[in-house]
There are 2 protein chains.
Amino acid sequence: MQSIPFPSAEVTSVLDDLRRIVRVLRESSREAEARLGVSGAQLFVLRALSGAGSSSLNALAARTHTHQSTVSVVVKRLVEHGLVESTVSERDARRIELQLTSKGRGVLARAPRAGQDRLIDGIEGLSRSERRTLASALHRLVETMGLLDHEPEMFFEEAEPAARAKKKQGQRRGTT
Amino acid sequence: MQSIPFPSAEVTSVLDDLRRIVRVLRESSREAEARLGVSGAQLFVLRALSGAGSSSLNALAARTHTHQSTVSVVVKRLVEHGLVESTVSERDARRIELQLTSKGRGVLARAPRAGQDRLIDGIEGLSRSERRTLASALHRLVETMGLLDHEPEMFFEEAEPAARAKKKQGQRRGTT
DNA sequence: ATCGATTGCATGGGGACCCATGCAATCTAG
DNA sequence: CTAGATTGCATGGGTCCCCATGCAATCGAT
């Protein structure tokens, strides 16, 4: 009948579920935007920033697992809206130091989690064992897909300039 | 320390893993595009079309779980590239009938699965039990999130015009 | 037959993402 | 000290996705 080697039912199921989830994330992003004036991505960045005192753009990109250029744009908006303050670093003029403004902190407070809300609630709505199962199963998948080398990040607060300059040249992002 | 009610470790883990997966999907989309000239989304639509003889735009949108306007654009590109043929329906002039061209069929054949490749491979790379675990855990999540009412779709081939017009008015997409 | 709903698509607007580049500031050799 | 390699960001280009609209065709009811 169909010319395509059909993936197993589970595969399709997983794919579909992922699709739905992504979709919801998008939806709640809009919702957040309507409610607070900031999109999900912006909130996400804001959040990442809140735990870091001040960080550079690249650091932020790493923490959020998104591309530098993307974060750049998001941050630009946040700055325009006065939620984040960006100052050129003293010790390195090409680097910027990002920091939440009180206004930004306020927004974050008013929207503790917004964005991934439903997802988070959903996850937390599972029984503890289900949750663990999901987490590990998903992680196994990510592992199988070889995505772990993309590192967990968010460990080195990286406050210091270059200094340590660990010259791992394999650090490139795209596999290209 | 942190002003934010921190989600449990598992939650963050799941969120992070999802992020990575989505990212890979995006990546392979680009890859597909570079290799075949068609993006992941386009391939996805092509695929959906391949199992349906011919379908209208809305039907396609439903099958792919994406918005009509999105599909409209994607299809436009496919048509421009000669992979899909669009003809105005005889019985209803505002509806269009989409159909794969032989060229489109060819592309599909040369890229049986491309796009979700890595993800699919990843899922299939899991042991049978792991896979089942993942599928059900994820599904439980989706269920908990109340996303199931968004229906599985892709069951009614819906070849006939309006005719059956099942008037389920709860069918709206956005929750707005 | 006619006027007001309803469809079915197309478009414009906006956000998120990524890649490739451009550019300035730094670092590193010589 | 100076030229070349390397950062750190910003921009432009392109795709995807959604929403709100606009417009034409169809349906419905009077």
Side-chain angles (χ1 to χ4, degrees), chain A residues 19 22-34 38-45 55-62 64-77 79 86 88-98 115 158 161-163 165 167 169 171-176, chain B residues 19 22-34 38-45 55-62 64-77 79 86 88-98 115 161-163 165 167 169 172-176:
Chain A
R19 253 185 124 60
V22 170
R23 184 166 188 170
V24 169
L25 284 181
R26 225 184 279 283
E27 269 175 28
S28 37
S29 168
R30 281 175 203 300
E31 222 175 284
E33 180 161 22
V38 288
S39 70
Q42 288 170 22
L43 230 39
F44 188 50
V45 166
S55 71
S56 71
L57 198 70
N58 276 336
L60 200 52
T64 55
H65 295 179
T66 52
H67 198 275
Q68 163 264 123
S69 61
T70 301
V71 177
S72 175
V73 175
V74 171
V75 165
K76 179 164 64 172
R77 267 189 275 272
V79 170
S86 160
V88 176
S89 166
E90 281 302 308
R91 52 226 300 147
D92 188 338
R94 68 210 144 131
R95 159 177 278 168
I96 60 179
E97 267 164 25
L98 301 168
E158 76 66 50
K167 46 213 48 193
Q169 29 91 282
Q171 192 62 303
R172 306 261 28 101
R173 174 170 266 110
T175 336
T176 315
Chain B
R19 254 185 123 59
V22 169
R23 184 168 188 166
V24 169
L25 284 181
R26 225 184 278 284
E27 270 174 29
S28 36
S29 169
R30 280 174 204 301
E31 222 175 284
E33 179 160 24
V38 289
S39 70
Q42 289 170 19
L43 229 39
F44 189 49
V45 166
S55 70
S56 71
L57 198 70
N58 276 336
L60 200 51
T64 55
H65 295 180
T66 52
H67 198 276
Q68 163 263 123
S69 62
T70 301
V71 178
S72 174
V73 176
V74 171
V75 165
K76 179 164 65 171
R77 267 191 274 272
V79 170
S86 161
V88 176
S89 166
E90 281 302 309
R91 48 221 307 147
D92 187 337
R94 68 212 143 130
R95 158 178 279 167
I96 60 179
E97 268 164 25
L98 301 168
K167 44 213 48 192
Q169 29 91 284
R172 303 261 30 100
R173 176 169 264 113
T175 335
T176 315

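Computed over heavy atoms, backbone and side chain alike; hydrogens, waters and symmetry mates excluded. We name chains A, B, ... by the order of the sequence lines, and we start the count at 1 in each one.
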- [ ] Round to the nearest Å and state the distance from B:E97 atom CD to C:dG8 atom C1'.
- [x] 13 Å
- [ ] Return the value, rounded to whole Å, for the distance between atom CD1 of A:I96 and atom P of C:dC23.
- [x] 19 Å
Task: Between CD1 on residue A:I96 and OG on residue A:S89, distance to nearest 0.5 Å - done: 10.0 Å
Open item on the list: Both A:V73 and B:K76 contact DNA chain C. Taking the nearest nucleotide for each, which residue is further toward the 5' end?
Closed with: B:K76
- [ ] Using atom NE2 of A:H67 as one end and atom P of D:dG12 as the other, report the distance to the nearest whole Å.
- [x] 16 Å
Task: Spacing of A:D92 atom CG and A:E97 atom CD [to the nearest 0.5 Å] - done: 9.5 Å
Open item on the list: Quiz question: going by heavy-atom distance under 3.5 Å, is there a donor-acceptor pair between the base of D:dT7 and the side chain of A:R94?
Closed with: yes
Open item on the list: Of the options C:dA16, D:dC16, D:dA10, whose atoms approach the side-chain atoms of A:Q68 most closely?
Closed with: D:dA10
TODO: To the nearest Å, give me how far apart CD (B:Q42) and P (D:dT15) are.
DONE: 8 Å
- [ ] Starting at atom CG of A:L98, determine the distance to atom P of D:dG8, rounded to an integer number of angstrom.
- [x] 13 Å
- [ ] Let me know, please, whether A:S69 or B:R30 comes out on the 5' side of the other along DNA chain D by nearest nucleotide.
- [x] A:S69
- [ ] Using atom CG of B:L57 as one end and atom C1' of D:dA25 as the other, report the distance to the nearest whole Å.
- [x] 16 Å
- [ ] Check the distance between C:dA25's P and A:R91's CZ and give it to me in whole angstrom.
- [x] 18 Å
TODO: Over all heavy atoms of both residues, which pair between B:T64 and B:T66 is shortest? Give the atoms and the distance, please.
DONE: OG1-OG1, 2.9 Å
Open item on the list: Please confirm whether the shortest side-chain N or O distance from B:S72 to OP1 or OP2 of C:dA10 is below 4.0 Å.
Closed with: yes
TODO: Kindly give the heavy-atom pair with the smallest separation between A:R95 and A:S56, and that separation in Å.
DONE: NE-CB, 3.6 Å
Open item on the list: What contact category does B:R77 fall into here, base, sugar-phosphate, or nothing, at under 4.0 angstrom with non-hydrogen atoms?
Closed with: sugar-phosphate
TODO: Under 4.0 Å between any heavy atoms, over every strand shown, what does B:S39 touch: base, sugar-phosphate, or nothing? Just pick one.
DONE: sugar-phosphate
Task: A:S29 versus A:A41, closest heavy-atom pair with distance - done: OG-N, 4.4 Å
TODO: Look at B:T66 and D:dC17 and indicate whether a side-chain polar atom (N or O) is within less than 4.0 Å of OP1 or OP2.
DONE: no
Task: Given C:dC19, C:dG8, D:dC9, the nucleotide with the shortest approach to the side chain of B:R95 - done: C:dG8
- [ ] Using the closest heavy atom to pick a nucleotide of DNA chain D for each, name whichever of A:N58 or A:R26 lands nearer the 5' end.
- [x] A:N58
Open item on the list: Please report the distance, rounded to the nearest Å, between CG in B:L43 and P in D:dT15.
Closed with: 15 Å
